Novice: 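If you scroll down you'll find the structure; I have some questions about it.
Predicted model, so just to flag it, every value in this text is computed and none were measured. Below, each value reflects all heavy atoms present in this structure, side chains not excepted, and no hydrogens, waters or symmetry copies. Naming convention: chains lettered A, B, ... in sequence-line order (proteins, then strands); numbering from 1 in each chain.
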Amino acid sequence: MARPIRVRFAPSPTGYLHVGGARTALYNYLFAKNQGGTFILRIEDTDLERSTDESLRMQLDDLKWLGLDWDEGVDSTTLESKGDYGPYRQSQRLDLYRKHCDQLLEKGFAYYDFRTDEELEQIKQASGEKFTRIPRPETILDLTEAREKVASGASAAVRFKVDGGGEHVINDLVRGEVRLPEDMVGDFIIMRSNGMPVYNFCCAIDDALMEISHVFRAEEHLSNTLRQKMIYDALGFEAPEFGHMSLILGQDKQKLSKRHGATSCHQYHEMGYLPEALLNFVALLGWSAGGDEEVFSRDQLIDKFDVKRLHTAGAVFDEEKFKWMNATHLRALPHQKLWELLGPLFEKENISLPESEDFIDKSLTIFKTKMETLLDAIELFRPVDEKYFEISDEATEVLEWETTKAVFEAWRAQIKGQSGMYLTADEFGEMQNQVKDAVGVKGKHLFMPIRVAIIGKPHGADLKMLVPLVERESLLRRVDKALAAL
RNA sequence: GUCCCUAUCGUCUAGAGGCCUAGGACACAUCCCUUUCACGGAUGAGACACGGGUUCGACUCCCGUUGGGGACGCCA
């Protein structure tokens with residue numbers, strides 16, 4: 001019964017893509033690609049209150065940024081469905097859900113519940129417990145009667161009737177055998193009183209109709225799997241294979257959420273993180289490749305992915321390690337590619353830099369070892385642009401040294417003595433020695449003032465590498481400013 | 001509270017009964033490289049939650065305790 005491999009990622013468009021969602025999408029994507037299957041994107045937008053097209057576009061943009069391309073689903077620009085099982089937005093599949101809901105009603109697997117919110121609330125209050133399952137109503141109207149009542153304007157939700165006696169055993173792809181007793185859940189709503197179907201129902205119908213073969217999702221869905229299983233059984237559908245993965249946790253070990261800080265892909269994008277680093281990092285939260293290696297490209301992840309190596313306990317999202325991961329991917333990027341990513345940032349910050357291949361190569365060689373995120377480049381490159389040269393507060397101590405003024409003056413004389421447009425690293429080394437001899441200082445009393453006269457700070461890039469990036473005339477103007485700051 | 005899931009260094013993890021005096025990575029410490037800061041290299045400190053079984057042998061299997069998490073919506 002080898003079914004074609006079809007997996008899906010089914011976000012609801014209510015904001016940016018969460019890193020947990022990104023990991024779910026990634027695992028499904030990796031599984032599809034690794035198995036030669038189809039990766040489907042389905043939009044779960046039956047909650048009219050919260051779902052917006054704007055959010056949908058944001059989610060799609062995040063997915064595209066990550067490079068998790070889908071084979072079937074919704075087109076990211078037109079939002080039109082593409083693929084044979086469409087439409088792929090649940091809000092456009094309402095007739096399908098209604099049809100199946102009627103079937104359940106007719107077969108006696110579901111019933112109309114006419115209780116109002118207030119009544120339900122009262123029942124909860126009366127039970128005295130914080131959590132309580134809503135009991136089945138004392139009387140359930142005969143279907144014809146109920147339908148007439150609804151037709152005459154009464155509002156009613158449709159509930160799935162849970163027998164409660166049995167037990168469902170799923171062979172979870174990551175957890176093994178999981179036994180779910182039916183009385184774990186009460187009669188649950190499948191159709192709201194406003195006529196909109198509810199997640200658990202749509203999900204089951206769509207997974208069946210779209211012939212989804214495997215469902216990888218977070219373990220918070222375990223009880224939903226039970227509900228969906230019962231729907232499959234009632235309708236005679238074949239259930240997909242399930243794999244429930246661990247949750248991503250915050251530092252406090254609670255489910256990662258907004259109060260833990262940055263949790264959306266969009267935020268990390270803005271913070272200068274690379275999509276390949278994000279993918280690599282979340283992939284390792286709950287999965288490992290087996291060996292000692294940890295840094296992988298997307299293609300390597302596809303190649304190495306194996307459901308058997310998914311694990312069961314929750315994983316804390318460690319931002320420190322994520323930074324390291326990002327820095328590692330960033331340094332591995334070809335200079336030309338890295339420069340393209342940096343371009344818009346420099347433009348936004350109004351930092352003007354030479355665009356020659358030579359400059360790009362030299363400057364990135366120096367600076368990329370100091371960058372963890374793309375954003376770090378801003379403060380690194382800013383000193384190269386003369387209009388941002390300024391004496392930093394960090395230089396205060398250096399400016400107070402007795403010998404600093406003499407070093408500045410000797411350095412200025414050295415620059416005057418040169419003629420080319422740029423200095424070479426060798427020339428700079430020689431000039432530094434001349435200053436040393438002229439003033440009679442060495443060590444930090446020599447280097448730090450010179451650094452201040454070039455970048456305005458006593459610490460920073462290797463001057464032998466930085467100086468050749470700055471025009472000689474600019475160096476002169478800088479040392480004059482440093483002298484003026486004394 | 002009820003049900004379900006889960007338990008190796010601070011964190012992410014390797015470990016599918018003897019290979020474990022438990023390996024790697026991040027973070028941390030020390031040293032080397034470096035006329036600064038980084039990068040890089042080396043070294044170090046650091047964990048099998050606890051109690052019972054099963055077994056010649058348990059980090060690995062079973063049971064229990066404890067801890068952690070999740071679900072209990074006309075959200076997904």
Novice: Salt-bridge test for E394(A) and K457(A): reply yes if a basic N is under 4.0 Å from a carboxylate O, no otherwise.
Specialist: no

Novice: Quick check, are the ring centers of H329(A) and F281(A) under 6.0 angstrom apart?
Specialist: no

Novice: Does K124(A) come within less than 4.0 Å of E121(A), counting only side-chain N to carboxylate O?
Specialist: no

Novice: Between F188(A) and F201(A), is the ring centre distance below 6.0 Å?
Specialist: no

Novice: Please produce a list of atom pairs where a protein N or O lies less than 3.5 Å from an N or O of nucleotides 27-34 of chain B.
Specialist:
none

Novice: How would you label the glycosidic angle of rC5(B): syn (within 90° of 0) or anti?
Specialist: anti

Novice: Compare side-chain N and O positions of R309(A) against OP1 and OP2 of rG15(B) and report whether any pair is under 4.0 Å apart.
Specialist: yes

Novice: Just to be sure I understand the rule, does E44(A) reach a base, reach only the sugar-phosphate, or reach nothing, if contact means heavy atoms closer than 4.0 Å?
Specialist: sugar-phosphate

Novice: Before giving the answer on side chain to side chain donor-acceptor pair (under 3.5 Å), spell out for D45(A) and S91(A) the whole-Å C-alpha distance, their side-chain angles and the decisive distance to 0.1 Å.
Specialist: CA-CA 6 Å; D45(A) 56 354; S91(A) 59; 2.8 Å; yes

Novice: Is G291(A) touching bases, backbone alone, or none of the nucleic acid, heavy atoms closer than 4.0 Å?
Specialist: nothing

Novice: Below the 4.0 Å mark, does rA14(B) have OP1 or OP2 next to a side-chain nitrogen or oxygen of S288(A)?
Specialist: yes

Novice: Mind checking N280(A) for me? I need base, sugar-phosphate or nothing, with any heavy atom below 4.0 Å counting as a touch.
Specialist: nothing

Novice: Does NZ or CZ of K149(A) come closer than 6.0 Å to the centre of the six-membered ring of F114(A), within 45° of the ring's axis?
Specialist: yes

Novice: Which is true for G290(A) with a 4.0 Å heavy-atom rule: it touches a base, it touches only sugar-phosphate, or it touches nothing?
Specialist: sugar-phosphate

Novice: Do any N or O atoms of the protein come closer than 3.5 Å to N or O atoms of nucleotides 60-66 of chain B, and which pairs are they?
Specialist:
none

Novice: Is a donor-acceptor pair below 3.5 Å formed from side chain T312(A) to base rC5(B), judging by atom type as modelled?
Specialist: no

Novice: Can you measure E49(A) atom CD to rC75(B) atom P for me and round it to whole angstrom units?
Specialist: 8 Å

Novice: Nucleotides 70-73 of chain B: which of its N/O atoms have a protein N/O under 3.5 Å away?
Specialist:
{"unit_1": "rG70(B)", "atom_1": "OP1", "unit_2": "K255(A)", "atom_2": "N", "d": "3.1"}
{"unit_1": "rA71(B)", "atom_1": "OP1", "unit_2": "K255(A)", "atom_2": "NZ", "d": "3.0"}
{"unit_1": "rA71(B)", "atom_1": "O2'", "unit_2": "S223(A)", "atom_2": "OG", "d": "2.7"}

Novice: With heavy atoms under 4.0 Å as the rule, sort D113(A) into base, sugar-phosphate or nothing.
Specialist: nothing

Novice: Answer yes or no: is there an ion pair linking D183(A) with R133(A), defined by an N-O contact shorter than 4.0 Å?
Specialist: no

Novice: Check every strand shown and say whether R217(A) touches a base, only sugar-phosphate, or nothing at a heavy-atom separation below 4.0 Å.
Specialist: nothing

Novice: Are T46(A) and rC75(B) close enough that a side-chain N or O sits under 4.0 Å from OP1 or OP2?
Specialist: no

Novice: Salt bridge check, D376(A) against K323(A): does any charged N sit closer than 4.0 Å to a carboxylate O?
Specialist: no

Novice: Regarding R179(A), tell me which of base, sugar-phosphate or nothing describes its non-hydrogen contacts under 4.0 Å with the strands shown.
Specialist: sugar-phosphate

